[in-house]
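Heads up, the thing below is written out as structure tokens.
Remember, predicted model here, so these are calculated numbers, not experimental data. Chain naming here is simple, since letters A, B, ... match the order of the sequence lines and numbering starts at 1 in each.
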There are 2 protein chains.
Amino acid sequence: MESEELRNVGLKVTTPRLKILSLLENAKAKHMTAETIYRQLSEGGEVIGLATVYRALAQFEAAGLITRHQFEGGQTVFELERGPHHDHIVCARCGRVEEFYDKVIEDRQREIAEKLGFTLSDHALTLYGECSNGTCTAKNG
Amino acid sequence: MESEELRNVGLKVTTPRLKILSLLENAKAKHMTAETIYRQLSEGGEVIGLATVYRALAQFEAAGLITRHQFEGGQTVFELERGPHHDHIVCARCGRVEEFYDKVIEDRQREIAEKLGFTLSDHALTLYGECSNGTCTAKNG
DNA sequence: ACTCTACATGAGAATAATTCTCATGTGCAA
DNA sequence: TTGCACATGAGAATTATTCTCATGTAGAGT
């Protein structure tokens with residue numbers, strides 16, 4: 001239940017928040033911009049201000065429910081924080097996003113940070129390339 | 001000579017381009033925003049439009065003379081493309097940026113891309129943490 | 001259930017970063 | 001030397017995001 005999720009992180013359960021959260025859970029695209037979320041909700045007949053979408057996303061992020069990614073060239077996208085940590089590879093041609101996890105890289109990052117005297121708190125790793133996908137033409141998330 | 005660099009990449013040698021390029025080469029900070037570049041040139045008495053700074057930076061980037069980084073939270077920064085490839089670790093507290101290169105990670109990235117059917121063309125890796133630096137208080141680049 | 005208050009919301013204005021427009025200026029090939 | 005493709009400065013325009021403010025509402029305490 002989405003209301004549980006909100007309560008668990010100390011957020012009031014409100015209609016806009018529920019709608020946004022469940023859109024993120026049910027949408028076809030895993031990575032969505034604030035605009036896209038706003039538009040899809042509007043098309044679904046909801047009356048939710050764009051500012052509210054931005055506010056809710058910021059709160060969800062602070063609460064750890066979602067993650068924010070800034071792929072190069074594109075707008076900021078948001079993704080539900082489900083399952084294990086992963087990084088992304090983005091097709092420069094069609095915009096397709098694949099996820100991956102690599103223990104070697106993860107470990108190495110921690111070692112590097114330590115060696116340089118940093119306490120690692122986060123990281124952003126995105127690979128860019130062209131996918132050899134036949135359907136590599138249209139944009140999707 | 002900066003004029004050489006410009007000619008080599010097929011750009012006309014103009015005063016604004018030369019000024020921007022040499023500022024990037026001589027500035028104390030290795031990573032600068034377009035605004036900073038604009039401001040420093042203005043303070044130095046140059047009359048160069050901000051739009052020109054953006055235009056020049058975009059061209060330099062396309063030509064491979066500089067690289068663009070989008071550290072989280074911050075504005076886009078530009079860095080002269082000198083020496084070997086490297087990635088960054090940014091202190092979340094004081095903004096200090098350190099560079100590092102790790103062959104293991106680099107190799108791994110290529111392998112991952114290949115395994116996923118992508119031809120790797122680029123990547124962005126930034127680590128975030130807190131540096132254990134005593135001087136870790138003020139912002140710098 | 002009722003009420004009160006702190007927090008949430010929608011709408012549109014405001015801001016920040018970047019790009020565009022356009023009239024004018026200029027590097028450089030011929 | 002000159003012509004013209006490309007570059008420039010200034011400010012307008014655009015884009016993404018955040019703020020403001022008057023109003024609405026969730027939910028703790030009764």
So which protein nitrogen or oxygen atoms get under 3.5 Å of nucleotides 19-27 of chain C's nitrogens or oxygens?
from	atom 1	to	atom 2	distance (Å)
C/dT21	O4	B/Arg55	NH1	3.3

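- At its two ends the helix from C/dA1-D/dT30 to C/dA30-D/dT1 runs along axes set 40° apart, each axis drawn from five pairs and the angle rounded to 10°.
- Residues meeting the side-chain hydrogen bond (donor to acceptor under 3.5 Å, both in side chains) test with B/Glu46, sequence neighbours left out: B/Lys19.
- Straight-line distance from the CD1 atom of A/Ile20 to the P atom of C/dA8: 13 Å, rounded to whole Å.
- For residues 57-80 of chain A, the salt bridge (Lys or Arg N to Asp or Glu O under 4.0 Å) pairs, not counting sequence neighbours, are A/Lys30-A/Glu79, A/Glu61-A/Arg68.
- Going from atom CG of B/Leu21 over to atom C1' of D/dA7 covers 16 Å, rounded to whole Å.
- Between the side chains of A/Thr52 and A/Arg55, at least one donor N or O lies within less than 3.5 Å of an accepting N or O.
- In this view, B/His88 and B/His31, B/His69, B/Phe71, B/His86 satisfy the ring-ring contact (aromatic ring centres under 6.0 Å, His included) rule, not counting sequence neighbours.
- Atom CZ of A/Arg17 and atom P of C/dC7 are 11 Å apart (whole Å).
- With sequence neighbours excluded, the residues that form a side-chain contact (heavy atoms from CB on, under 4.5 Å) with A/Arg108 are A/Glu111, A/Ile112, B/Asp102, B/Val104, B/Ile105.
- As a whole-Å value, the separation of A/Gln70 CD from D/dA16 C1' is 10 Å.
- By the side-chain contact (heavy atoms from CB on, under 4.5 Å) test, B/Thr14 pairs with B/Lys12, B/Pro16, B/Arg17, sequence neighbours left out.
- Residues passing the side-chain hydrogen bond (donor to acceptor under 3.5 Å, both in side chains) test with A/Glu114: none are found, sequence neighbours excluded.
- Between the CD atom of B/Glu61 and the P atom of C/dT18 there is a distance of 12 Å, rounded to whole Å.
- Hydrophobic cluster membership of A/Ile20, counting Ile, Leu, Val, Met, Phe, Trp and Tyr whose side-chain heavy atoms lie under 4.5 Å apart directly or via other members: A/Leu6, A/Val9, A/Leu11, A/Val13, A/Leu18, A/Leu21, A/Leu23, A/Leu24, A/Met32, A/Ile37, A/Tyr38, A/Leu41, A/Ile48, A/Leu50, A/Val53, A/Tyr54, A/Leu57, A/Phe60, A/Leu65, A/Ile66, A/Phe78, A/Leu80.
- When each of B/Val53 and A/Gln75 is assigned the nucleotide of DNA chain D bearing its nearest heavy atom, the one mapping closer to the 5' terminus is B/Val53.
- Residue B/Thr33 is the one, among B/Thr33 and B/Arg7, whose nearest nucleotide of DNA chain C lies closer to the 5' end (criterion: closest heavy atom).
- Residues A/Arg96 and A/Glu98 are paired through a salt bridge, judged by an N-O separation under 4.0 Å between the basic side chain and the carboxylate.
- Atom C1' of nucleotide C/dG10 and atom CG of A/Leu41 are separated by 14 Å, given to the nearest angstrom.
- For the pair B/Arg39 CZ and C/dA17 P, the interatomic distance rounds to 11 Å; values are reported in whole Å.
- The interatomic distance linking A/Leu11 (CG) with C/dT9 (C1') rounds to 14 Å, in whole Å.
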